[in-house]
Amino acid sequence: MESTTATNEDAAQLVKKPTIFATYAELAKIRLSLLTVVTAGVGFVMASPLGIDWKKLFFTVLGTLACACSASALNQLTEHQKDAKMERTRERPIPAGHVSKIHAFVFGILLGYIGIALLSFFVNVESAGIAFATILLYVLVYTPLKTRTSLNTFVGAVVGALPPLIGWVGATGGFGRGGIVLAGILFIWQIPHFLALACMYKEDYDRGGFKMLTAFGGSEEFTARISVITSMCLIPLCLLLTMVGTTGTFFAVTATLLGIHLTWKSFGFWKAQSIESARSLFFATIIYLPLLLMCMLISRNTIEWIDMTVLHG
């Protein structure tokens with residue numbers, strides 16, 4: 001009877017054990033890394049003149065993906081002990097025992113080399129430099145600050161604002177006004193996004209020892225106020241992207257509507273200061289970004305079509 005029970009337990013463990021692909025995907029935080037790639041790709045397209053260099057765009061996306069996965073793997077290596085204490089992260093590859101620390105280190109370093117090499121040889125050195133700085137900032141600055149100061153959210157937002165600059169610089173070799181504004185939009189968007197997440201998983205972050213704004217007593221209202229202010233800031237910031245000539249009227253109108261919706265959700269979070277309102281704001285931020293980027297590309301393509309019409313009479 002005991003042997004049968006042991007056999008059943010072993011079988012259950014085998015069923016629960018993830019595949020190699022799933023393990024590597026989780027180690028690389030593939031979903032988050034793909035979002036990084038999307039913003040880099042959008043930055044490249046928005047910075048491109050009338051014609052897009054598809055080969056360079058491909059290597060920009062591929063190099064950025066490798067660097068993002070590298071940073072994620074090295075981040076998990078650094079935080080594996082804290083991840084083991086949190087419900088949300090205890091099943092990640094290292095704390096769950098699916099991947100050794102040495103394995104994760106080699107995986108992260110190798111991906112970093114590949115990504116920087118791809119950007120250096122097939123895009124330009126400037127974009128590779130930004131990607132390298134992003135990895136260093138994420139692993140060596142943002143990660144240790146998470147247990148030291150609640151300002152880590154703003155440092156993390158800087159990390160998330162750099163990928164569109166990788167794309168923009170990859171296309172042009174320089175920053176440009178549009179590239180700086182685009183990075184600013186990504187920076188501001190992350191603040192209500194991560195503050196809502198921190199509220200949703202407040203107890204989990206406390207167990208892990210992370211110093212989020214929500215970890216301090218009586219800070220919920222302050223956190224909600226920051227969410228409202230930053231959501232409101234997205235509206236004029238998006239309009240500025242039109243003012244500098246990167247997008248057209250269509251984007252200005254749709255971005256304003258999206259910004260109003262996000263601000264409304266932020267006000268709901270401020271009023272209720274509950275996990276439910278935080279979750280509502282969090283999902284609003286998730287909806288906001290892809291719709292904004294899509295409208296951005298549509299508006300850019302509209303401007304390109306008008307330019308082509310004028311040029312060819």
Side-chain angles (χ1 to χ4, degrees), residues 18-48 52-80 83 89 92-94 98-143 155-173 175 179 182-183 186-187 190 289-290 293:
T19 63
I20 293 177
F21 177 80
T23 298
Y24 278 110
E26 181 65 20
L27 186 61
K29 295 182 184 176
I30 194 64
R31 286 180 293 181
L32 180 61
S33 296
L34 286 176
L35 175 61
T36 300
V37 168
V38 169
T39 60
V42 169
F44 187 99
V45 172
M46 296 304 297
S48 298
I52 298 174
D53 187 335
W54 294 103
K55 180 181 177 181
K56 187 178 283 190
L57 173 59
F58 171 77
F59 283 110
T60 298
V61 166
L62 193 61
T64 303
L65 176 61
C67 289
C69 291
S70 167
S72 296
L74 294 175
N75 167 257
Q76 289 188 54
L77 173 64
T78 305
E79 294 184 341
H80 72 277
D83 285 343
T89 57
R92 283 179 174 173
I94 301 175
H98 302 314
V99 170
S100 69
K101 290 182 286 185
I102 295 296
H103 195 150
F105 176 76
V106 173
F107 178 73
I109 294 296
L110 184 61
L111 281 176
Y113 271 108
I114 291 172
I116 293 170
L118 288 173
L119 291 170
S120 297
F121 290 111
F122 298 104
V123 185
N124 53 42
V125 175
E126 292 83 359
S127 63
I130 298 174
F132 182 53
T134 303
I135 295 174
L136 294 180
L137 186 61
Y138 187 46
V139 178
L140 300 182
V141 181
Y142 170 59
T143 297
V155 178
V158 173
V159 175
L162 292 178
L165 277 181
I166 296 174
W168 192 283
V169 172
T172 65
F175 291 101
L182 182 56
L186 264 294
F187 172 81
Q190 289 175 93
L289 187 61
L293 296 178

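Below, all heavy atoms of this structure are taken into account, side chains as well, without hydrogens, waters or symmetry copies. In what follows, residues are counted from 1 in the order of the sequence shown.
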Quiz item: Is any side-chain heavy atom of Arg92 closer than 4.5 Å to a side-chain heavy atom of His80?
Solution: no

Exercise. Report yes if some heavy atom in the side chain of Leu136 is under 4.5 Å from a heavy atom in the side chain of Val141; otherwise report no.
Key: no

Quiz prompt | Residues Leu35, Leu289; criterion side-chain contact (heavy atoms from CB on, under 4.5 Å); working and verdict | solution = CA-CA 10 Å; Leu35 175 61; Leu289 187 61; 3.8 Å; yes

Quiz item: Is Thr64 reaching over with its side chain to a backbone N or O of Val61, donor-acceptor style, under 3.5 angstrom?
Solution: no

Practice problem: Just jot down the salt bridge (Lys or Arg N to Asp or Glu O under 4.0 Å) partners of Glu79, sequence neighbours excluded, or say none. | Solution: Lys146

Practice problem: List in chain and number order the residues that pass ring-ring contact (aromatic ring centres under 6.0 Å, His included) with Phe187, two or more places apart in sequence or in another chain; answer none if no residue qualifies. | Solution: none

Quiz item: Does the Ser33 side chain pair with the main chain of Ala28, one donor and one acceptor, at a distance under 3.5 Å?
Solution: yes

Quiz item: CG of Leu119 to CZ of Phe132: how many Å apart, nearest 0.5 Å?
Solution: 12.5 Å

Quiz item: How far apart are the closest heavy atoms of Ile135 and Gly112, and which atoms are they?
Solution: CD1-CA, 4.3 Å

Quiz item: Hey, are Asn75 and Thr78 close enough side-chain-wise for a donor-acceptor pair under 3.5 Å?
Solution: no

Quiz item: Are any of the side-chain heavy atoms of Trp168 and Met46 separated by less than 4.5 Å?
Solution: yes

Self-check item: Exercise: identify the closest heavy-atom pair between Ala183 and Leu165
Solution: CB-CG, 3.8 Å

Quiz item: At their closest point, which heavy atom of Glu26 faces which heavy atom of Gln76, and how far apart are they?
Solution: O-NE2, 2.8 Å

Quiz item: So do the side chains of Leu27 and Ile94 get within less than 4.5 Å of each other, counting heavy atoms only?
Solution: yes

Quiz item: Could you give the distance from CG (Leu77) to CZ (Phe107), rounded to the nearest 0.5 Å?
Solution: 12.0 Å

Practice problem: Please list, chain by chain and in numerical order, all residues satisfying side chain to side chain contact (heavy atoms under 4.5 Å, CB included) with Val125, sequence neighbours excluded. | Solution: none

Quiz item: Rounded to the nearest 0.5 Å, how far does OG1 of Thr39 lie from CD1 of Ile166?
Solution: 8.0 Å

Quiz item: Which heavy atom of Ile116 sits nearest a heavy atom of Cys67, and at what distance?
Solution: N-SG, 3.7 Å

Quiz prompt | Sub-6.0 Å ring centroid separation between His103 and Tyr24 | solution = yes

Exercise. Return yes if some donor-acceptor pair links the side-chain N/O of Ser127 with the main-chain N/O of Val123 below 3.5 Å, else return no.
Key: no

Quiz prompt | Side-chain heavy atoms of Leu137 within contact of Val158, under 4.5 Å | solution = yes

Quiz item: Given Ser70, which of Val139, Leu110, Leu111, Ile109 fulfils the side-chain contact (heavy atoms from CB on, under 4.5 Å) condition?
Solution: Leu111

Quiz item: Roughly how far, to the nearest 0.5 Å, is OG1 of Thr19 from NE2 of His98?
Solution: 10.5 Å

Quiz prompt | Atom of Val99, atom of Ala104 and distance for their closest heavy-atom approach | solution = CG1-N, 3.8 Å

Quiz prompt | Donor-acceptor contact below 3.5 Å, side chain Thr60 vs main chain Lys56 | solution = yes

Exercise. Identify the two heavy atoms, one from Thr172 and one from Ala47, that lie closest to each other, and give their separation to 0.1 Å.
Key: CG2-O, 3.4 Å

Practice problem: Check whether any side-chain heavy atom of Thr134 sits under 4.5 Å from a side-chain heavy atom of Tyr142, and report yes or no. | Solution: no

Exercise. To the nearest 0.5 Å, tell me how far Phe44 CZ sits from Phe58 CZ.
Key: 12.5 Å

Quiz item: About how many Å separate CG of Asp53 and CZ of Phe59, when rounded to the nearest 0.5 Å?
Solution: 10.5 Å

Quiz item: Would Ile30 and Leu65 satisfy side-chain contact (heavy atoms from CB on, under 4.5 Å), going step by step from the backbone distance to the final call?
Solution: CA-CA 9 Å; Ile30 194 64; Leu65 176 61; 4.3 Å; yes

